[in-house]
Amino acid sequence: MSVVVERSPIPNWLTERISNRHLVAIGIGWVTLFFVFPILFLVVESLNFGDGSLFEAYHRATGGVYVSAFVRSFIYGFVTTVLTLVFAYVLAYYLAFASKRVRLLLTLVVVPLWIAYIIRYFGLMLFFSPTGPLAQVTGLEIDLLFTSTAVVLGLTNAYLPFAVLPIYNSLNAIHHETINASRVLGAGQFRTIREVVLPLSMPGIIAAGVIVFILATGSFLGPAVLGGPNQSMIANEIARTFLEAYNIQLASALAVIYTVLLVAFIAAFNAVFNLQEALGNL
Amino acid sequence: MSVTSSIRRASLVRQGTLLFVLLLIYAFLLVPVAIVVLTSFTGQTFPAIPYDGISLQWYTELLTDSQLLGALVTSFIVATAASLLAVAFGTAAAVGFVRAEFPYKQQLSTVMLLPMIISPVITGIALIRYFGMVNVSSGYPALIVGHSILTVPYVFLLVRSQLVTFDEDLEQASRVLGADSTVTFLNVTAPIISPALLAGFFVAFVVSFGEFTATQFLISPGSSTVPVEIYTMLRTGLTPTINALSTVLVVIMVVAALLSRYFER
């Protein structure tokens, strides 16, 4: 048997020097150069170096229409998270304990993630519209478009798949003996769910909740397609300030405030939530 | 009626309710997209269920619209180029993070995931302002670099999860048998991890092809992408051309996603 050793075109002095740490540096370097720096540069852009206060844009950003957009984002985000967790838990519970066709049913949950948000919101738009196909087929008087309900349902639809997977994984990790033990010791189905299954699946619930909350509060397309001017969230205000009012300083200040709030939120959950693991489920 | 049969009936009712709720949730997830596809075959001038036969007129409309065809070409070019960049940088980082030990490893790997967490509106304006400063022009260069950033976390997560099961003894064996590190990489490492790279490429392709929010800031006249065209059309009025274009987008994205799953693990 002969071993063919090809000579490589890359000189040895180069390959010997590319260590695993260099590989890390290459990846991190790309993200730093074209993501971390641009985000940090927004802080500079948000400051006023002309006449008046350095933080002029921040004074404007913390008043009036912008505060209500912030508050609305967090309310929509919260309601969406609660709705999503309820739907996701029912789905994940069934998949983990009762279903025989787990692979197919899990794939059906993931399929929407393969389809652009714009198309899914467009589908919901047709659904909610008074002249849409659903009204056409059922004869119902549907007039949800451009309401808060439409936006929250849209966000729930968009981010539900992100919540099912972490909850399913945490339920799947529960040993059946634990549940059997609870039943044998006399607890009914609901008591078993409340006192055994729910606490054991808490890591998955928290992971799902934090991810959905982050994604939902930062959504632009949901309110842009399904909402009206009164459903405008913070991402919409940032985009409008930038694209229409062309006020870069103010748009940057809003972006900085939102990002800081979000980072503080993630840090608050740091003890019970691991971003790496949560996203690793996807 | 005996006690057991009433308990059985109660449990049947409960199961029936559960199945009904599940059906509703699945319908909620999947029917909107199905409606978009279904109503693209209407013969009418607005998106309607095609009761009176299937018509392909909105697809022929699509084929004669040079702007929409141009957007499809742009989306293809941007998604392909951005995914190649994302695979290169995402894989480099994934290999490094799996194999090297260094301080603050966990925190540093979170940096790779940041583009998934920050609102894409913020990413969009941050990038276009920064690109203006460092002389990267809007249009293709901005779109390709920007999409490589937006997709790199997906590649990183996927390749890293596939690499954890990699048996490094195989590389050691190659080295012991006399191959240098380059030959080992080309003949041992690359063939083993290449399915993960292909899976990563197609995941990035799907994400890039569907991205709208950051993209709207990065386009230039003449380099609009399909999601941007769909959004613009939605704002100006509902015609089934939007459905036809959306259906084309759905087909492309689902095919790419299936390819990704095929190469995974």
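Proteins get letters first, then strands, A, B, ... in listed order; numbering begins at 1 in each.
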- Query: So which part of B:Phe185 gets closer than 4.5 Å to some heavy atom of chain A, the side chain, the backbone, both or neither?
  - Reply: neither
- Message: Please report the interatomic distance CG(B:Leu38) to CG(A:Leu126), rounded to the nearest 0.5 Å.
- Response: 10.5 Å
- Query: So what's closer than 4.5 Å to chain A heavy atoms on B:Leu158: side chain, backbone, both or neither?
  - Reply: neither
- Note on the structure: Whatever's closer than 4.5 Å to a heavy atom in chain B on A:Val256 counts as neither
- Engaged part of B:Phe209 at the chain A interface, taking heavy atoms whose separation is under 4.5 Å: neither
- Message: Counting only non-hydrogen atoms closer than 4.5 Å, does B:Ile252 touch chain A with its backbone (N, CA, C, O), its side chain (CB onward), both, or neither?
- Response: neither
- Measure the CD1-CD1 distance between B:Ile117 and A:Ile211 for me, rounded to the nearest 0.5 Å. 7.0 Å
- Query: Checking B:Leu30 against chain A: side chain, backbone, both or neither under 4.5 Å from a heavy atom?
  - Reply: side chain
- Note on the structure: Here the gap from B:Phe202 atom CZ to A:Trp114 atom CH2, rounded to the nearest 0.5 Å, amounts to 13.5 Å
- Query: Contact part of B:Thr39 toward chain A, heavy-atom cut-off under 4.5 Å: side chain, backbone, both or neither?
  - Reply: side chain
- Heavy-atom proximity to chain B below 4.5 Å, by part of A:Ala25: neither
- Note on the structure: chain A shares the most heavy-atom pairs under 4.5 Å, among B:Leu234, B:Val95, B:Ile230, with B:Leu234
- Select one option (side chain, backbone, both, neither) describing which atoms of B:Leu238 are under 4.5 Å from chain A's heavy atoms. side chain
- Item | Side chain, backbone, both or neither of B:Tyr26 within contact of chain A (heavy atoms, under 4.5 Å) | side chain
- With distance as the sole criterion, is a donor-acceptor pair present between the side chains of A:Trp30 and B:Ser148 under 3.5 Å? yes
- Note on the structure: If one checks every heavy atom of A:Leu40 against chain B at 4.5 Å, the contacting part turns out to be neither
- Note on the structure: Exactly one candidate in B:Ile118, B:Leu127, B:Leu150 meets side-chain contact (heavy atoms from CB on, under 4.5 Å) with A:Phe35; the answer is B:Ile118
- Find the one option among B:Ile35, B:Ile25, B:Val37 whose heavy-atom pairs under 4.5 Å with chain A are most numerous. B:Ile25
- Side chain, backbone, both or neither of A:Ile234 within contact of chain B (heavy atoms, under 4.5 Å): neither
- Using non-hydrogen atoms only, which part of A:Leu42 is less than 4.5 Å away from chain B: side chain, backbone, both, or neither? side chain
- Task: Against chain B, label A:Ala251 side chain, backbone, both or neither, depending on which of its atoms sit under 4.5 Å from a heavy atom there.
- Result: both
- Taken in chain and number order and not counting sequence neighbours, the residues that satisfy side-chain hydrogen bond (donor to acceptor under 3.5 Å, both in side chains) with B:Thr213 are none
- Message: Only pairs of heavy atoms separated by less than 4.5 Å count here; which of A:Pro38, A:Gly27, A:Ala116 has the most with chain B?
- Response: A:Pro38
- Item | Distance, nearest 0.5 Å, that separates OG1 of B:Thr91 from CD1 of A:Ile26 | 11.5 Å
- Distance-only, no hydrogens or angles: does the A:Asn157 side chain make a donor-acceptor pair with backbone N or O of B:Phe28 under 3.5 Å? yes
- Message: Heavy-atom pairs under 4.5 Å with chain A - which of B:Val206, B:Val145, B:Val152 has more of them than the others?
- Response: B:Val145
- Could you walk me through whether A:Leu243 and B:Gln216 pass side chain to side chain contact (heavy atoms under 4.5 Å, CB included), step by step? CA-CA 10 Å; A:Leu243 289 173; B:Gln216 64 181 326; 4.2 Å; yes
- Task: Give, as side chain, backbone, both or neither, the part of A:Phe41 having an atom under 4.5 angstrom from any heavy atom of chain B.
- Result: side chain
- Would you mind checking which part of A:Leu33 comes under 4.5 Å of any heavy atom in chain B, side chain (CB onward), backbone (N, CA, C, O), both or neither? both
- So what's closer than 4.5 Å to chain A heavy atoms on B:Leu19: side chain, backbone, both or neither? side chain
- One option among A:Leu262, A:Ile248, A:Ile39 has the most heavy-atom pairs under 4.5 Å with chain B, and it is A:Ile248
- Task: Dump the intermediate steps for side chain to side chain contact (heavy atoms under 4.5 Å, CB included) on B:Ile122 and A:Phe220, then the final yes or no.
- Result: CA-CA 10 Å; B:Ile122 296 173; A:Phe220 169 86; over 6 Å; no
- Task: Determine yes or no for a side-chain-to-main-chain donor-acceptor pair under 3.5 angstrom, with A:Arg21 supplying the side chain and B:Glu101 the backbone.
- Result: yes
- Among B:Val226, B:Thr247, B:Ile49, the residue with the most heavy-atom pairs under 4.5 Å to chain A is B:Ile49
- Message: Less than 4.5 Å to any heavy atom of chain A: does that hold for the side chain of B:Phe212, its backbone, both, or neither?
- Response: side chain
- List for me each residue that meets salt bridge (charged side-chain N to carboxylate O under 4.0 Å, His left out) alongside B:Glu229, sequence neighbours excluded, and say none if there are none. none
- Residue B:Leu24 versus chain A: region with a heavy atom under 4.5 Å: neither
- Option that, when pairs with chain B are counted at under 4.5 Å, heavy atom only, ranks first among A:Thr32, A:Val225, A:Thr131, A:Leu91: A:Leu91
